[in-house]
2 protein chains.
Amino acid sequence: MTDTRRRRVPRPVREQQIIDAAIRVFAKRGYHAASVEEIAELAGVSKPMVYLYLDSKEGLFLACLRRETERLVTALRAAAGPAHGPELRLRAGLLAFFTFVAEHRDSWVVLHRQAAELSPAIAAELARTRRAVVTEVSGLVRADDAADAAPACPDDEADFVTYTLVGAADSLTDWMTLHPEEPPERITLRLMNMVWVGMRNVLDGEVWTTPGREP
Amino acid sequence: MTDTRRRRVPRPVREQQIIDAAIRVFAKRGYHAASVEEIAELAGVSKPMVYLYLDSKEGLFLACLRRETERLVTALRAAAGPAHGPELRLRAGLLAFFTFVAEHRDSWVVLHRQAAELSPAIAAELARTRRAVVTEVSGLVRADDAADAAPACPDDEADFVTYTLVGAADSLTDWMTLHPEEPPERITLRLMNMVWVGMRNVLDGEVWTTPGREP
DNA sequence: ACGTAAACTTACCCGCCAGTAACGTTACGG
DNA sequence: CCGTAACGTTACTGGCGGGTAAGTTTACGT
């Protein structure tokens, strides 16, 4: 790619190459098992360069986290913004999500699948970025009420729905890899189909007790 | 607990104590960041004992995995078995799951949140245990059709629903920790409320195209 | 052209931790 | 009451990997 003859590359470009490499390695090995050496090699550079540009392994991970969160949030906003009506809005958001994951599997792994094993500083940042994604989805969920007059649904209920959606979508990410032929559109469609009706019930606080057998 | 005066403890008991300690530490630190030293100390024993009884760090992790998978699957089967009808059956399964997680947070973390960062042998075993859980849930989902005459739903659709449910439930696990006062029963209720209706649509292959705005 | 800063390297240090060797100690069976 | 096997320990090694000091090369500005 680009000019193969020139080895020397300006800093901003190298930084991105290093982050690219880091995301792949972090996704494959996990934070602790990933070695800076391997990342450097994949980026076509030696280890001290990584430390010069990104300070530390932790700093490198944070850089990955920030860049990819930015990308995902941007994609979500871009998709949901122009949609008319709550239903199409949510659909657009989900579609944007599945499309993002389909195109950047590694990013999603780094962003979302690193629950344990990290230093306080990283854990804090990770919590923040997850919160950002949840907030974005939460916005989609709450879009209903904005249309209605009543601010009917309490935050807890909206939160519940959001967690359910994010978890379901995350898990379907695995399903996608088992069905590579399925386009994000169909997955989105099925998920909408599955949750759209029930969402309303929960958001309106309609928690009935278990029905007694057959109606 | 038990007899505090006796220090010497028979092997089967120690093994369980070590596994108990390992689950807590693995959950807190993640596989790589966890040190065998810390696990041994928490189990009230010195490091070589761990290697004597469980062979290696990998063997120790596998032992944790197997024991807790066993427990979860047992809980699911015990709950879903005696329930009458598909709806109550699924409800019972979900309730059993949330109850299990509420009582064994660490177990669930070890079982489910260790995607990356493990050796091939562990990864294989982890895949097997996840498969076991998914199969169990899949049974709950498919329970519908068993009642009906037609084996109507193709495996893909049932799989899709299963992944959605497992993912949603997993994510709600986090929601639980933010709302410690919510009993598993209410969480189960809300989730049922949210997905039960839509499940039918997807299982029956009713994937409509996006509705054009307002009906 | 040539000096200088930015890009890059080699070669090292050092702490941490999985895994082990060799050696004490308690209980329980005969 | 004593032997022996099960229970347990202290004290090491070996290597991997994060982090760095010191030096080398290339491009770009003037």
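We name chains A, B, ... by the order of the sequence lines, and we start the count at 1 in each one. Values below: every heavy atom of this structure, side chains too, minus hydrogens, waters and symmetry copies.
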Peer 1: For DNA chain D, determine which residues of residues 41-49 of chain B have any heavy atom closer than 4.0 angstrom to one of its atoms, and list them numerically.
Peer 2: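 Listed by number, they are B:V45, B:S46, B:P48, B:M49.
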Peer 1: For a 4.5 angstrom cut-off between non-hydrogen side-chain atoms, does B:F26 reach B:I39?
Peer 2: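 Yes, close enough: below the 4.5 Å cut-off.
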Peer 1: Of all the choices, D:dG19, C:dA6, C:dG19, which nucleotide is nearest to the side chain of B:Y51 once you look at every atom?
Peer 2: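 Output: C:dG19.
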Peer 1: In terms of side-chain heavy atoms of A:V36, which of D:dA6, C:dC8, D:dG18 is nearest?
Peer 2: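 Of the options given, the side chain of A:V36 lies nearest D:dG18.
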Peer 1: Nearest to the side chain of A:R8, which nucleotide is it out of C:dA27, D:dG18, C:dA6?
Peer 2: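 Looking only at heavy atoms from C-beta outward on A:R8, the closest nucleotide is C:dA6.
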Peer 1: Can you tell me if the side-chain N/O atoms of A:R14 get under 4.0 Å from OP1 or OP2 in C:dC8?
Peer 2: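 Yes, within the criterion.
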Peer 1: What salt bridge (Lys or Arg N to Asp or Glu O under 4.0 Å) pairs are there with at least one residue in residues 69-83 of chain B, not counting sequence neighbours?
Peer 2: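 Listed by first then second residue: B:E68-B:R71, B:R77-B:E136.
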Peer 1: Any heavy-atom pair between the side chains of A:R190 and A:L172 that's under 4.5 Å?
Peer 2: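 Contact flag for A:L172/A:R190 side chains = no.
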Peer 1: Only pairs at least two apart or in different chains count here, so list each salt bridge (Lys or Arg N to Asp or Glu O under 4.0 Å) that has a residue in residues 56-67 of chain B.
Peer 2: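 Of all non-adjacent pairs touching residues 56-67 of chain B, those that pass salt bridge (Lys or Arg N to Asp or Glu O under 4.0 Å) are B:D20-B:R67, B:R66-B:E125.
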Peer 1: Given side-chain contact (heavy atoms from CB on, under 4.5 Å), test B:F160 with A:I187 step by step and report yes or no.
Peer 2: CA-CA 9 Å; B:F160 184 95; A:I187 298 177; 4.0 Å; yes
Peer 1: Would you mind telling me which of D:dG19, C:dA7, C:dA18 lies closest to the side-chain atoms of A:S56?
Peer 2: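 Side chain of A:S56 sits closest to D:dG19.
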Peer 1: Do B:M49 and B:K47 come close enough that some side-chain heavy atom pair is under 4.5 Å?
Peer 2: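 Contact flag for B:M49/B:K47 side chains = no.
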